[in-house]
2 protein chains.
Amino acid sequence: MRWEEIDGQVCSIARALAIFGDRWTLLIIRDAFRRVRRFSDFQKSLGITRHRLSDRLSRLVEYGILEKRLYDAKRARYEYRLTEKGLDLYPVLMSVVNWGDKWACDGDGSPVVFRHLACGQPTHPKMVCDVCDEPIDAREIRPEVGPGVLKKIARGDDEIKGYETGNSQA
Amino acid sequence: MRWEEIDGQVCSIARALAIFGDRWTLLIIRDAFRRVRRFSDFQKSLGITRHRLSDRLSRLVEYGILEKRLYDAKRARYEYRLTEKGLDLYPVLMSVVNWGDKWACDGDGSPVVFRHLACGQPTHPKMVCDVCDEPIDAREIRPEVGPGVLKKIARGDDEIKGYETGNSQA
DNA sequence: CATCATCGGTTCTAATATGGAACCCTGAAG
DNA sequence: CTTCAGGGTTCCATATTAGAACCGATGATG
């Protein structure tokens with residue numbers, strides 16, 4: 001299967017990764033959260049080629065994750081800013097940071113720590129159940145068929161691809 | 001910069017993405033959480049070419065995210081299972097699912113819903129501060145220089161790459 | 001006014017990664 | 001024997017990427 005067909009799958013992970021699952025996109029988004037906004041700043045910060053960057057930024061604008069905002073009308077200069085859709089990726093970045101700090105660091109500890117302004121403390125965001133507030137453990141979660149599949153079956157859609165429920169146990 | 005050099009950055013996101021930030025790896029891990037374990041099952045489920053799959057699986061074993069476990073000694077057949085390091089990626093997958101359900105779905109709703117066995121309810125895992133338990137919002141988090149950078153400065157390491165703190169505001 | 005630098009790109013070419021298909025080896029099963 | 005399944009590897013054509021050069025507008029410098 002070609003990568004471009006991956007977003008046809010009935011799977012939110014596949015569809016999300018079709019947008020930002022390539023090698024540079026999530027790093028561009030990381031930079032956007034660090035308030036990098038201009039083409040040349042992204043380029044300096046990432047070391048990505050201008051060509052790739054140009055392409056990735058326009059894709060992110062297309063998908064509504066970044067928006068171009070004029071900051072110098074005379075020279076037609078734009079900056080790229082996160083939209084709501086983009087800001088919503090924060091938990092994704094945060095969970096990657098958490099994992100990276102734990103499993104992919106060099107022994108010196110976290111390069112960056114995060115202070116939660118609401119409570120004033122350094123924080124290590126964690127994922128909890130929104131019903132009982134207990135921390136999530138893969139072994140305690142059971143995936144079940146959801147409406148996104150049930151409705152398709154009810155309509156008689158053939159070819160529901162990329163769908164298979166299983167337990168989350170390893 | 002070449003992609004392989006990205007993991008030299010002093011950034012947990014860059015180092016994590018150096019491991020699973022390519023087009024197929026996270027989907028392979030997703031399948032592993034769905035209890036897919038054998039080569040041919042990964043291949044059928046993903047539609048990835050055997051060649052790619054073979055390569056990605058060995059990388060994941062190298063990185064300690066999957067382990068090969070013998071299940072048929074006579075024919076030297078192995079299955080691939082998540083290690084602790086791999087199981088720890090659950091929050092990453094979960095936050096991608098959450099985002100995908102909200103922003104990349106086709107109108108039919110979530111293809112998969114998750115039941116939290118501990119409380120018995122369908123759950124939408126959320127990210128909260130581990131100090132005050134309030135939900136995390138990008139605008140309420142301020143990144144600060146952490147030990148992973150301070151120690152390098154103290155040692156006088158030159159070339160601390162890919163490091164720049166900024167606010168998380170967009 | 002001529003020259004240079006900056007920003008935000010685009011165009012080129014060579015190297016690298018990927019998809020698709022065919023092939024290989026081992027050990028059952030018929 | 002012959003065939004099949006599992007788990008790969010090899011080969012080639014195509015797609016993607018890195019690196020460098022080029023471009024056009026504007027503004028600062030001398």
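To find a chain, count down the sequence lines: A is the first, B the second, and so on, and within it residues start at 1.
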### Query
Contact class for B:E5 (heavy atom, under 4.0 Å): base, sugar-phosphate, or nothing?
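No contact.
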### Message
Using a 6.0 Å distance limit plus a 45 degree cone around the ring axis, check whether A:R38 lies over the aromatic ring of A:Y71.
### Response
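Cation-pi check for A:R38 and A:Y71: passes.
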### Message
Contact between A:R139 and B:L87 at the side-chain level, heavy atoms closer than 4.5 Å - yes or no?
### Response
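Answer yes - side chains close enough.
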Any side-chain N or O of [X] under 4.0 Å from OP1/OP2 of [N]?
X	N	answer
A:R2	C:dG19	no
B:Y80	D:dG6	no
A:W3	C:dG20	no
A:W24	D:dA18	yes

### Query
Whole-Å distance between D:dG8 C1' and B:D41 CG?
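It works out to 15 Å between those atoms.
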### Task
Round to the nearest Å and state the distance from B:I48 atom CD1 to D:dT9 atom P.
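In whole Å, D:dT9 P lies 13 Å from B:I48 CD1.
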### Message
Of the options D:dG19, D:dG8, C:dG9, whose atoms approach the side-chain atoms of B:S54 most closely?
### Response
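Between D:dG19, D:dG8, C:dG9, the one nearest the side chain of B:S54 would be D:dG8.
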#### Entry: Nearest-neighbour nucleotide for the A:S40 side chain, C:dG8, D:dG19, D:dG7 considered
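It is C:dG8.
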### Message
Quick check on DNA chain D: between A:H51 and B:Y71, whose nearest nucleotide comes earlier from the 5' end?
### Response
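Nearer the 5' end of the strand: B:Y71.
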### Query
In terms of ring plane angle, is the pair A:F20 and B:W99 parallel, tilted or perpendicular, where the classes change at 30° and 60°?
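Taking B:W99 first and then A:F20, their aromatic rings stand perpendicular (interplane angle over 60°).
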#### Entry: Centroid-centroid distance, B:F42 to B:W24, less than 6.0 Å
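Between B:W24 and B:F42, which both carry aromatic rings, the centre distance is not below 6.0 Å.
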### Any donor-acceptor N or O pair under 3.5 Å, side chains B:D22, B:T25
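The answer is yes; a qualifying pair exists.
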### Message
According to side-chain contact (heavy atoms from CB on, under 4.5 Å), who are the partners of B:C105, at least two apart in sequence or on a separate chain?
### Response
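Applying side-chain contact (heavy atoms from CB on, under 4.5 Å) to B:C105 gives A:R15.
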### Summary
In 5'-to-3' order, the base (B), backbone-only (S) or no-contact (-) status of each nucleotide in nucleotides 22-30 of chain C, using a 4.0 angstrom heavy-atom cut-off, is ----BS---
